[in-house]
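First the structure, then my questions, so here it is.
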Amino acid sequence: MDKFYEDLVKEVKDDFERRREERRSYELQWRLNMNFLMGNQYCEISPRGDVEDVGKQYFWQEREVFNHIAPIVETRLAKLGRVKASISVRPSSSDSKDENAAKFSTRILSATCDENKLLDLMSEANTWSEVCGTVFYKIGWNSEKGELAGVDEKGKPLYEGDVELSVCPPYEIFPDSINASDMRNVKSIIHAKAYPVDVIKEMWGKEVQGERIDVFTLSSSDVLGGLGYTGNAPKVLFEKKDGYAIVIERYERPTKSRPDGTLTIVAGDKLLYHGILPYQNLYNKKRGLPFVRQTCIKQAGSFFGSSVIERIIPVQRAYNAVKNRKHEFINRISMGVLAVEDGSVDIDNIEEEGLSPGKVLIYRQGSTPPHLLDAGSVPNDFDVEEDKLLDEFMVISGTNDSNKYMKIANSNLSGIALSLLIEQDDTRLSITADSIRSAVKEIGMQILLLYKQFAINKRMKRISGDTGEVEMVYFNASDITADDIIFDTDNELAETPASRKNTTIEILKLGLLNNDKGQLDERMKSRVLDMLGFGNWENGRDISDLHIKKAIKENLAISRGDNAEVIETDDHELHIAEHTKYLVGEYKGDAEKLLEHIRTHKRFEMLSNVAEQNYKEQ
């Protein structure tokens with residue numbers, strides 16, 4: 001058996017080396033992208049298979065960097081940040097049990113995403129995706145999370161366990177084939193990550209010999225500068241570190257011979273784990289790979305996507321060249337090029353001091369006096385080429401700056417036409433945004449399936465209730481469904497918060513939100529404040545919120561068969577609207593009981609109106 005484990009460790013390590021060599025060209029491109037993003041833009045992929053700096057050709061050569069890649073990536077990230085992680089579960093049928101399970105699953109999903117800080121993870125993942133073209137989420141079960149369940153015989157605490165989400169940069173992922181078009185076509189994936197040897201012992205209980213491994217680090221590149229000065233830029237490179245070991249996790253999909261798949265974990269020369277795939281993260285309790293892929297731009301016939309930086313690098317190089325050649329021309333005009341007759345002046349003095357103002361220049365009697373050569377003026381071609389390259393930045397990246405829109409706004413175009421132009425620019429990002437939504441949807445499905453696998457016994461979780469209040473609930477796997485995951489938001493890129501506010505204001509002006517009396521009732525005012533982004537503005541809608549939440553609680557009580565008392569301090573108009581909405585919507589109980597409750601509110605409202613009228617007449 002020991003020979004089997006030794007051969008297995010060797011086979012996994014050999015497989016890892018093969019995949020790493022197959023992926024090397026992608027890794028070099030990722031490193032080049034990162035260098036250009038940080039400003040080290042005088043580097044290239046050398047024939048030796050490394051990213052190397054390119055030195056100056058002349059001491060006077062201008063080598064400044066005019067980084068347009070960084071603001072372009074920041075603009076794209078800002079727009080992609082509007083893509084929300086709000087997802088919901090759709091019931092498999094119209095049965096009230098399925099509807100309640102779907103509703104509860106949506107709340108569990110929301111709570112789990114909040115606990116794992118999914119929005120922060122999405123921000124990190126978007127950055128990796130924009131720089132390298134691809135990023136991965138890893139969805140697993142951490143047995144040391146959750147509420148304390150007890151202690152073992154050694155006094156060690158035992159926890160319920162909970163879902164754990166993490167972001168995996170593309171450097172850590174090695175598919176069995178880089179030509180696979182998506183995750184479905186991958187038969188196995190290796191997740192390789194460097195850990196300190198003491199962490200490996202703590203996590204897997206085995207001692208591993210430390211190695212000198214390559215890790216990413218930042219250094220300073222001194223290839224920038226110009227005539228009389230030098231400049232530095234950060235660059236990405238590999239650095240050797242001791243005391244680390246690479247943990248290789250190879251996940252293999254189920255086959256006929258191995259219906260539950262295989263997970264093999266190797267570090268150094270030790271086998272840390274060998275067994276079935278741990279998670280039933282596919283429908284019908286099938287086991288699959290615990291990874292979700294997100295891409296910036298999909299590439300046909302490639303597992304890894306491409307980054308927009310790859311397309312901009314040639315334009316950035318050309319722009320740097322034009323700007324620097326332009327400045328060199330200005331240097332010649334401002335500093336001048338001096339022509340002297342051989343032996344007529346002290347050349348060393350001229351080279352050291354130049355022609356400073358007020359300088360007394362002594363030249364040999366009878367020789368030609370030194371004179372400045374005519375450098376002409378800066379050709380207009382530099383400005384033309386610079387403007388073309390700036391436009392090319394915008395066209396390739398799919399982003400535009402505010403100056404362009406200001407110029408368009410000053411033209412004769414209408415506001416609607418300007419809005420359409422802005423919408424078209426944002427549509428360029430829809431491919432990336434769709435990949436983000438698809439990834440979050442897959443994450444949601446795997447989260448719910450993990451709960452169905454591990455939440456066998458009753459467990460407690462903090463979730464948001466129907467009234468918006470945070471409450472602790474008990475649940476198990478039977479309370480959760482993962483039949484269909486949908487997004488409950490539209491395309492956020494096509495509809496900005498400003499456009500939604502403007503649309504709401506226009507609807508208000510048209511009076512479409514008024515009631516039969518031509519007035520805006522309290523309930524609609526509360527909703528309008530929500531739409532305008534003033535949910536609790538100066539506490540102006542506290543009372544309305546409380547009445548609406550009380551009406552929702554009454555709805556839930558009546559649906560459970562409990563009594564809900566009507567009191568004279570209720571805002572009966574708000575209550576009637578909320579109960580009516582519940583009755584014609586999702587209410588599945590005895591309609592007569594809820595109708596009687598609504599009639600009681602109407603009687604109170606009628607009595608209140610009569611009393612108010614009598615008071616006015618007096």
Side-chain angles (χ1 to χ4, degrees), residues 29-41 65-87 113 116-137 165-172 216 218 233-234 236 292-299 304-313 315-316 390 392-405 422-441 443 487 489-499:
Q29 184 63 57
W30 300 338
R31 288 174 55 193
L32 187 67
N33 294 351
M34 294 179 70
N35 275 285
F36 266 77
L37 177 66
M38 291 187 296
N40 180 32
Q41 298 180 354
V65 167
F66 305 89
N67 194 350
H68 281 261
I69 291 180
I72 285 174
V73 172
E74 291 166 1
T75 301
R76 287 176 59 89
L77 287 174
K79 292 185 177 182
L80 293 174
R82 300 207 304 261
V83 179
K84 306 300 181 184
S86 179
I87 49 180
C113 292
N116 284 273
K117 294 180 171 59
L118 181 58
L119 289 178
D120 294 338
L121 294 178
M122 288 176 63
S123 178
E124 179 187 353
N126 290 345
T127 302
W128 279 111
S129 175
E130 289 297 303
V131 175
C132 300
T134 316
V135 72
F136 298 85
Y137 293 92
L165 306 179
S166 60
V167 174
C168 299
Y171 292 98
E172 300 177 357
F216 275 117
L218 294 179
V236 180
V292 174
R293 186 187 68 155
Q294 176 184 319
T295 58
C296 175
I297 304 170
K298 291 184 179 180
Q299 290 194 93
F304 296 101
S306 63
S307 167
V308 71
I309 297 179
E310 299 175 27
R311 302 177 178 181
I312 307 176
I313 284 178
V315 184
Q316 181 67 65
L390 288 174
E392 204 165 343
F393 274 120
M394 301 301 106
V395 171
I396 293 177
S397 64
T399 59
N400 279 308
D401 57 7
S402 58
N403 290 332
K404 175 184 175 182
Y405 294 130
I422 298 175
E423 183 178 337
Q424 287 175 0
D425 287 336
D426 290 342
T427 304
R428 290 283 305 276
L429 297 173
S430 61
I431 297 177
T432 306
D434 288 342
S435 180
I436 296 174
R437 292 190 187 90
S438 178
V440 175
K441 180 179 178 180
I443 291 170
F487 272 89
T489 56
D490 296 325
N491 188 348
E492 302 88 354
L493 295 178
E495 187 179 1
T496 64
S499 65

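Being a predicted model, the structure only gives us computed values, none of them experimental.
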### Query
If you measure from CG on Leu32 to CG on Leu37, what distance do you get to the nearest 0.5 Å?
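So the gap between those two atoms works out to 11.5 Å.
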### Query
Is the closest side-chain heavy-atom distance between Glu124 and Val135 below 4.5 Å?
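The answer is no; the side chains never approach within 4.5 Å.
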### Message
To check you understand the geometry: which heavy-atom pair defines the closest contact between Ser307 and Cys132, and what is its length?
### Response
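That closest heavy-atom pairing would be CB-C, 4.0 Å.
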### Phe136: partners by ring pair (Phe, Tyr, Trp, His ring centres under 6.0 Å), with sequence neighbours left out
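Phe303.
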### Task
Could you tell me which residues satisfy side chain to side chain contact (heavy atoms under 4.5 Å, CB included) with Glu172, sequence neighbours excluded, listed by chain and number?
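With sequence neighbours excluded, Glu172 shows a side chain to side chain contact (heavy atoms under 4.5 Å, CB included) to Cys168, Pro169, His191, Lys193, given in chain and number order.
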### Contact check, side chains of Gln316 and Phe393, non-hydrogen atoms, under 4.5 Å
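Yes, side chains in contact.
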### Beyond-backbone contact of Gln41 with Ile313, side-chain heavy atoms, under 4.5 angstrom
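Side-chain contact under 4.5 Å: no.
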#### Entry: Side-chain touch Tyr137/Met122, heavy atoms, less than 4.5 angstrom
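Yes, their side chains come closer than 4.5 Å.
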### Task
Check whether any side-chain N or O of Asn67 sits under 3.5 Å from a backbone N or O of Ile69 as a donor-acceptor pair, and report yes or no.
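Yes; at least one donor-acceptor contact below 3.5 Å.
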### Query
Taking the side chain from Ser129 and the backbone from Cys296, do they hold a donor-acceptor pair closer than 3.5 Å?
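Yes: the side chain of Ser129 pairs with the backbone of Cys296.
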### Message
Tell me if a side-chain donor or acceptor on Thr134 pairs with a main-chain N or O of Pro170 at a distance below 3.5 Å.
### Response
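Pair absent, no side-chain N/O of Thr134 close to backbone of Pro170.
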### Non-neighbouring partners of Leu77 that pass side chain to side chain contact (heavy atoms under 4.5 Å, CB included), sequence neighbours left out
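For Leu77 the side chain to side chain contact (heavy atoms under 4.5 Å, CB included) partners, ignoring immediate neighbours, are Val73, Asn126, Thr127, Glu130.
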### Query
Any idea which heavy atoms bring Met34 and Tyr171 closest together, and the distance?
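Closest approach of Met34 to Tyr171: SD-OH, 3.2 Å.
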### Message
Please check this pair: side chain of Ser438 against backbone of Asp434, looking for a donor-acceptor N/O pair closer than 3.5 Å.
### Response
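Judged by distance alone, no pair lies under 3.5 Å.
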### Task
Please report the closest heavy-atom contact between Arg76 and Ser397, naming both atoms and the distance.
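Closest approach of Arg76 to Ser397: NH1-O, 3.1 Å.
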### Query
Just how far is it from atom CZ of Arg311 to atom CD1 of Ile396, taken to the nearest 0.5 Å?
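Rounded to the nearest 0.5 Å, the CZ-CD1 separation comes out at 8.5 Å.
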### Expected output: side-chain Gln294 to main-chain Ser435 donor-acceptor under 3.5 Å
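Side chain of Gln294 to backbone of Ser435, a donor-acceptor pair under 3.5 Å: no, none is there.
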### Query
What's the shortest heavy-atom distance between Thr295 and Thr432, and which atoms?
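Shortest heavy-atom separation between Thr295 and Thr432 comes out as O-CG2, 4.1 Å.
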### Query
Would you say the side-chain atoms of Glu310 and Gln29 include a donor-acceptor pair closer than 3.5 Å?
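Absent: no donor and acceptor within the cut-off.
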### Task
Decide if atom CD1 of Ile431 counts as having more than 12 heavy atoms of other residues, nucleotides or ligands within a radius under 6.0 Å.
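Check fails, neighbour count at 12 or below.
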### Task
Taking Asn33 for its side chain and Ile309 for its backbone only, find out whether a donor-acceptor pair lies under 3.5 Å.
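Flag not set: sc Asn33 to bb Ile309 has no pair under 3.5 Å.
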